[in-house]
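Comments concern the structure below.
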Amino acid sequence: MKSALQAFFPLLAGATEKQLVRQVEYLKAENQILRDKLPKRMTVTAAERARLIKLGKAVGSAIKHLITIVRIRTFARWSAARGR
């Protein structure tokens with residue numbers, strides 16, 4: 001019984017990862033559609049910036065593939081300024 005469960009968990013984890021990838025792809029497409037309907041320049045409040053930094057740091061280096069409303073250099077600058 002134990003070996004059957006040990007074989008099942010990696011299968012479950014892989015399926016979950018694939019589903020998460022699909023969800024992220026959908027959300028990125030949805031965000032792009034919504035962004036295209038907004039003005040070209042948006043301002044971000046300090047609270048919004050702090051939220052993005054907190055969530056972005058948790059993502060780690062993968063943030064480079066997810067970030068959309070600011071450039072990665074801007075995010076890095078915000079993050080460095082908040083770290084002081």
Side-chain angles (χ1 to χ4, degrees):
M1 179 71 172
K2 188 176 179 181
S3 65
L5 285 176
Q6 288 175 341
F8 176 71
F9 286 130
L11 179 65
L12 179 64
T16 302
E17 184 177 337
K18 289 177 186 176
Q19 187 61 26
L20 288 173
V21 167
R22 289 184 192 116
Q23 290 174 11
V24 168
E25 287 173 349
Y26 171 83
L27 291 171
K28 285 178 72 174
E30 187 178 71
N31 285 340
Q32 182 63 50
I33 291 166
L34 292 172
R35 250 190 335 278
D36 289 344
K37 296 175 187 261
L38 294 172
K40 291 299 174 190
R41 183 164 176 88
M42 294 176 21
T43 57
V44 179
T45 67
E48 292 166 335
R49 186 178 309 131
R51 183 176 177 202
L52 290 173
I53 291 167
K54 179 182 175 184
L55 295 170
K57 283 184 174 181
V59 170
S61 63
I63 191 69
K64 296 173 190 170
H65 304 288
L66 297 173
I67 202 163
T68 58
I69 66 170
V70 298
R71 289 187 170 94
I72 191 66
R73 291 180 69 189
T74 302
F75 179 84
R77 190 175 67 242
W78 288 351
S79 185
R82 181 144 167 104
R84 288 185 220 166

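Throughout, residue positions are numbered sequentially from 1 according to the sequence presented.
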For the atom pair CZ (R35) and CD (E30), what is the distance rounded to the nearest 0.5 Å? 11.0 Å
Shared ILVMFWY cluster between I72 and L55, side chains joined below 4.5 angstrom? no
What's the shortest heavy-atom distance between V44 and R49, and which atoms? O-NH2, 3.4 Å
So L52 and V70, do their side chains get closer than 4.5 Å, heavy atoms only? no
Does the side chain of K54 come within less than 4.5 Å of R51's, by heavy atoms? no
Are I69 and I53 connected, step by step, through hydrophobic side chains (Ile, Leu, Val, Met, Phe, Trp, Tyr) whose heavy atoms are closer than 4.5 Å? yes
Looking only at heavy atoms, which two atoms of K28 and L66 are closest? And how far apart? CD-CD2, 4.2 Å
Please test T68 against Q32 for side chain to side chain contact (heavy atoms under 4.5 Å, CB included), starting from the C-alpha separation and ending with a verdict. CA-CA 8 Å; T68 58; Q32 182 63 50; 5.7 Å; no
Are any of the side-chain heavy atoms of Q23 and L20 separated by less than 4.5 Å? yes
